[in-house]
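Below, read A as the first sequence line, B as the second, and so on, with proteins coming before strands; counting in each chain starts at 1.
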Amino acid sequence: MVTLDAPYIAGFLAFREVPSLVEAVKRLQEKDSSLMPQVLFVDGNGVLHHRGFGVACHLGILTGLPTIGVAKNLLQVDGLENNESHRGQAKELQMGGDFFYLKGTSGNVLGAALKSSQKSVKPVYISVGHKISLEAAVKLVHSCCKYRVPEPTRQADIRSREFCVKTTNEKQKPQD
DNA sequence: GCGACAG
DNA sequence: ATCTTGTCGC
């Protein structure tokens, strides 16, 4: 259980969430270091960011672990935007695993839009966080997708919500 | 003032 | 992120 104190501001997600994420990794290290993952999927961006340093990069630096940013929406940066052209490209993705690079106005490849599962229409936005190539990141994410959101992230989402409901009910349960 | 806005 | 309505497939 953690408490968030910073508000959500687009572009500053790391300042809100990274302390809790680092704490989670630290707790796992102490509880059973043999379970330490070789790579972390982060719900947010890596270098696909206004200042080239999203929450996935922060977490990678602070933990020393390889990280991959997997965002569910395109953060509009360096000329990239979810416009008609972009949606057209996304529409051309055929099979799960198909992707296209996200090249900004600067000429830099900041990430990739991946059709992560066969059924998904909307791509996920993959970007390098730390100590991994974009190509490896795209392959790894695709290999973990049964649905649109990679299973590790999806399970974390589902189970954390369950935990919140459970603890809320626990608090409000009348005492005998 | 207007548009954009990871989660 | 959260909420809500409706549709479709298993």
Side-chain angles (χ1 to χ4, degrees), chain A residues 1-25 39-63 65-87 89-90 96 99-106 108-130 132 134 137-138 140-142 144-169:
Chain A
M1 179 64 143
V2 298
T3 302
L4 300 178
D5 37 44
Y8 169 68
I9 300 171
F12 297 87
L13 181 62
F15 295 92
R16 172 176 167 83
E17 302 196 348
V18 100
S20 303
L21 298 175
V22 171
E23 179 64 22
V25 173
V39 60
L40 301 176
F41 286 1
V42 182
D43 198 346
N45 293 299
V47 299
L48 177 52
H49 182 267
H50 299 93
R51 287 160 293 286
F53 207 76
V55 63
C57 300
H58 283 247
L59 186 62
I61 292 293
L62 294 174
T63 61
L65 290 169
T67 60
I68 302 171
V70 185
K72 299 182 291 296
N73 292 96
L74 177 63
L75 182 60
Q76 312 205 164
V77 49
D78 193 16
L80 294 170
E81 56 176 323
N82 185 14
N83 53 22
E84 195 54 50
S85 164
H86 176 81
R87 289 192 293 274
Q89 286 187 82
F99 70 94
F100 60 89
Y101 288 112
L102 297 166
K103 189 175 185 175
T105 305
S106 66
N108 297 322
V109 173
L110 301 179
L114 168 72
K115 180 177 167 99
S116 55
S117 71
Q118 189 64 264
K119 284 186 180 180
S120 60
V121 176
K122 186 175 177 177
V124 289
Y125 298 95
I126 312 299
S127 58
V128 167
H130 192 55
I132 193 166
L134 179 56
V138 166
L140 190 55
V141 169
H142 175 233
C144 291
C145 286
K146 180 171 183 180
Y147 304 105
R148 179 175 175 247
V149 174
E151 208 56 22
T153 303
R154 190 169 161 272
Q155 287 301 318
D157 224 73
I158 292 170
R159 296 180 192 198
S160 62
R161 280 173 212 291
E162 249 169 36
F163 175 84
C164 289
V165 170
K166 199 170 77 178
T167 55
T168 299
N169 291 341

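Remark: A/R51 CZ is packed, more than 12 non-hydrogen atoms of other residues, nucleotides or ligands lying under 6.0 Å away.
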Self-check item: For DNA chain C, the dot-bracket pattern of Watson-Crick and G-U pairs whose distances stay under 3.5 Å, | for other-strand partners
Solution: ..........

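Separating the CG atom of A/L13 from the P atom of B/dA4 is a distance of 21 Å, rounded to the nearest angstrom. As rounded to whole Å, 16 Å separates atom P of B/dA6 from atom CZ of A/F15. Going from atom CD1 of A/I126 over to atom P of B/dA6 covers 16 Å, rounded to whole Å. Following rounding to the nearest Å, A/E81 (CD) and B/dA4 (P) show an atom-to-atom distance of 8 Å. At whole-Å resolution of the value, CZ in A/R148 and P in B/dA6 are 13 Å apart. Look at CG on A/L74: it is 10 Å from P on B/dA6, rounded to the nearest Å. One interatomic measurement links the two molecules: CG of A/L21 to C1' of B/dA6, which rounds to 13 Å at whole-angstrom precision. A straight line from CG of A/D78 to P of B/dA6 spans 17 Å, rounded to a whole angstrom.
Within 4.0 Å of A/N45, counting heavy atoms only, lies at least one base atom of the nucleic acid. No engagement by A/G69 is indicated, since no non-hydrogen atom pair under 4.0 Å with the nucleic acid exists. Within the nucleic acid shown, A/F12 comes within 4.0 Å of at least one base atom, counting heavy atoms only.
A donor-acceptor pair shorter than 3.5 Å can be found between the side chains of A/D78 and A/S106.
In this model, the phosphate group of B/dA6 is not approached by any side-chain N or O of A/K72 to a distance below 4.0 Å at OP1 or OP2. Distances shown here put a side-chain N or O of A/Y8 below 4.0 Å from the OP1 or OP2 atom of B/dA6.
Separation of atoms SG (A/C144) and CD (A/Q155) is listed at 12.0 Å; rounding is to 0.5 Å. With rounding to the nearest 0.5 Å, the separation of CG in A/L80 from OH in A/Y125 is 10.0 Å. Taken to the nearest 0.5 Å, the CZ atom of A/R16 stands 9.0 Å off from the CG atom of A/D5.
Taking the six-membered ring where the residue is Trp, A/F53 and A/H58 present tilted rings, their angle falling between 30° and 60°. Taking the six-membered ring where tryptophan is involved, the planes of A/F99 and A/Y101 are perpendicular, since the angle between them exceeds 60° and thus also 30°.
Nearer the 5' end of DNA chain C, as judged by each residue's closest nucleotide, is the contact made by A/D43, out of A/D43 and A/K119.
The existence of a salt bridge linking A/E162 and A/R159 is excluded, since no basic side-chain nitrogen approaches an acidic carboxylate oxygen closer than 4.0 Å.
Running 5' to 3' along DNA chain C, contacts with non-hydrogen atoms of chain A at under 4.0 Å begin and end at C/dA1 to C/dT2.
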Exercise. Test ring-ring contact (aromatic ring centres under 6.0 Å, His included) on A/F12 and A/H50 and set out the steps.
Key: CA-CA 10 Å; A/F12 297 87; A/H50 299 93; 8.3 Å; no

